[in-house]
There are 2 protein chains.
Amino acid sequence: MKKLNIVKVGGNIIEKEEDLQSFLDAFAALPEPKILVHGGGKLASQLAERLEIPVNMVNGRRITDAETVEVITMVYGGKVNKSIVAGLQARNCNAIGFSGADGNTILSVKRPVKEIDFGFVGDVVAVDSEMIDKLLSIGITPAFCAITHDGNGQLFNTNADTIACELARGLSKNYEVTLNYCFEKNGVLLDINDDTSVVKDIDSAKYAELLEEKIIADGMLPKMENCFYALKGGVQQVRLGKPEMLYNKDANFTTLRL
Amino acid sequence: MKKLNIVKVGGNIIEKEEDLQSFLDAFAALPEPKILVHGGGKLASQLAERLEIPVNMVNGRRITDAETVEVITMVYGGKVNKSIVAGLQARNCNAIGFSGADGNTILSVKRPVKEIDFGFVGDVVAVDSEMIDKLLSIGITPAFCAITHDGNGQLFNTNADTIACELARGLSKNYEVTLNYCFEKNGVLLDINDDTSVVKDIDSAKYAELLEEKIIADGMLPKMENCFYALKGGVQQVRLGKPEMLYNKDANFTTLRL
């Protein structure tokens with residue numbers, strides 16, 4: 001089977017122009033086929049603040065109201081996505097920017113209301129891997145922002161880690177997929193304050209062990225759940241680390257396999 | 001040769017939600033292959049105003065500074081483009097949103113500084129009709145916003161009429177192209193205040209006559225120049241009128257041929 005790299009770039013990298021440019025260098029140097037996935041970090045909150053749109057939080061979780069999903073569409077789908085696409089084109093990487101609405105690639109449903117109504121937040125229900133495969137086959141590098149749609153004209157804010165994971169699962173039918181989560185740390189760390197304390201390889205047994213020892217906690221928990229959900233869905237391996245891992249196999253990073 | 005419709009929708013239609021939805025109904029009903037082109041009308045100015053970004057005019061013409069091209073990218077490339085794409089998907093039209101940077105489809109150069117430096121405004125130098133043809137062939141309907149790029153990472157504000165015209169010229173090699181300019185009037189009018197006074201057919205001789213009689217003046221002048229530039233570049237016909245012309249051949253509209 002053909003190999004495919006899916007790379008999700010974290011908000012902390014996107015927010016700093018210099019870090020974003022280094023990341024784009026690393027991503028553009030990867031062999032094709034490949035897919036980029038990004039959110040927008042704090043850039044959407046910054047625009048919402050300038051527009052005096054109130055941040056609506058319930059139980060410490062952000063609610064995406066109609067004005068907020070519009071801001072997210074402008075920032076993730078407009079400013080960030082188009083500047084990434086133009087940056088990749090400048091590096092001879094033939095990118096096309098996507099939301100899940102474009103090409104009907106990622107279909108979602110509004111997150112069901114239980115205790116909290118999260119507003120315009122989508123849970124992914126389908127990835128059109130056949131369409132994405134066709135685009136990859138004509139030499140396109142899709143760059144996805146963290147937006148999906150419901151097929152009835154409504155756009156949704158959707159977690160970028162989840163989008164990367166669902167794309168990876170969907171494309172595992174046609175490709176040997178490596179899913180890469182690039183962020184500001186070297187991967188899973190034994191000591192969160194020591195960036196050299198990387199756990200290099202994690203399989204299901206090691207994962208259970210790390211969970212038991214509470215080394216995987218807080219924000220890392222949903223990320224790792226995503227990773228193993230991807231692996232169980234047919235993804236060959238998941239890597240976590242700084243963008244350097246994309247071109248230097250001797251760099252410090254974490255590799256996850258079942 | 002296969003037939004291709006390229007439809008540019010005017011700012012006055014995009015600004016009114018109801019008019020935009022009727023336009024999308026008409027566009028979605030057109031047979032494939034087809035391409036949509038849009039600007040953003042006053043929506044970008046409205047956002048610039050809310051963000052207190054000063055409008056910079058020289059000799060009555062708007063200058064696109066760095067902050068303004070960012071606003072345009074958010075509004076045209078984000079808000080307007082993604083809502084059009086989601087609206088077309090809801091009508092079973094498989095649209096993908098494009099700027100000229102996406103797929104490197106439209107390459108521009110910064111408008112040369114003569115008396116005025118217009119800032120980040122691009123003049124189109126190349127259309128990749130081969131890439132667009134590949135996308136049309138796999139069932140995609142491209143929806144272009146009025147943004148292009150220079151291939152070195154810079155995005156440009158570019159007139160949407162011009163983009164539609166250049167796409168039409170570029171694709172005339174592979175298709176029998178009809179270029180449609182949809183706006184709020186019935187086409188070229190003998191009396192600007194009488195929407196029934198439509199000049200139904202205009203060829204080069206009639207065009208010269210209308211110019212002489214000063215019936216074509218003001219904002220209609222550059223539009224008509226674009227139309228005849230398209231026709232001279234191989235476009236089969238150009239149509240000007242309300243969205244109704246897309247589905248009702250008995251509607252009042254203007255058809256231009258060489």
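Chain A is the first sequence line, chain B the second, and so forth, proteins listed ahead of strands; every chain is numbered from 1. The figures here come from the full heavy-atom set of this structure, side chains too, leaving out hydrogens, waters and symmetry mates.
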Among [options], residue most engaged with chain A (heavy-atom pairs, under 4.5 Å):
options	answer
B:A143, B:G97, B:G139, B:C145	B:G97
B:G153, B:A101, B:G103	B:G103
B:G77, B:G87, B:G100, B:C93	B:G77

Check your understanding: Side chain, backbone, both or neither: which part of A:L155 has a heavy atom under 4.5 Å from chain B?
Key -> side chain

Study note, to complete from the structure: Cut-off 4.5 Å, heavy atoms of chain B, and the answer for A:I138 is both

Extract the chain B to chain A donor-acceptor pairs under 3.5 Å, no hydrogen or angle test applied.
residue	atom	partner	partner atom	Å
B:R50	NH2	A:L51	O	3.4
B:L51	O	A:R50	NH2	3.4
B:E70	OE2	A:K79	NZ	3.0
B:K79	NZ	A:E70	OE2	2.9
B:K82	NZ	A:D102	OD1	3.2
B:K82	NZ	A:D102	OD2	2.9
B:Q89	NE2	A:A101	O	3.1
B:A95	O	A:G103	N	2.8
B:G97	N	A:D102	OD1	2.6
B:A101	O	A:Q89	NE2	3.1
B:D102	OD1	A:K82	NZ	3.2
B:D102	OD1	A:G97	N	2.6
B:D102	OD2	A:K82	NZ	2.9
B:G103	N	A:A95	O	2.8

Value rounded to 0.5 Å, distance of [atom1] in [X] from [atom2] in [Y]:
X	Y	atom1	atom2	answer
A:L4	A:L30	CG	CG	10.5 Å
B:I6	B:I163	CD1	CD1	11.5 Å
A:L24	A:I13	CG	CD1	10.0 Å

Practice item. Please report the C-alpha distance between B:L51 and A:L47 in whole Å, then the side-chain angles of each, then the deciding distance to 0.1 Å, and finally whether the side chain to side chain contact (heavy atoms under 4.5 Å, CB included) criterion is met. Key: CA-CA 9 Å; B:L51 293 171; A:L47 180 63; 3.8 Å; yes

Practice item. Check the pair B:L20, B:V80 against side chain to side chain contact (heavy atoms under 4.5 Å, CB included), reporting the backbone distance first and the verdict last. Key: CA-CA 10 Å; B:L20 175 59; B:V80 177; 5.9 Å; no

**Study point:** All pairs passing ring pair (Phe, Tyr, Trp, His ring centres under 6.0 Å) where residues 2-29 of chain A contributes a residue, at least two apart
**Key:** none

**Study point:** Residue pairs passing the ring pair (Phe, Tyr, Trp, His ring centres under 6.0 Å) test where at least one lies in residues 124-145 of chain B, sequence neighbours excluded
**Key:** B:F98-B:F144

Practice item. Check side chain to side chain contact (heavy atoms under 4.5 Å, CB included) between B:V125 and all other residues, then give those that pass, not counting sequence neighbours. Key: B:L107, B:V109

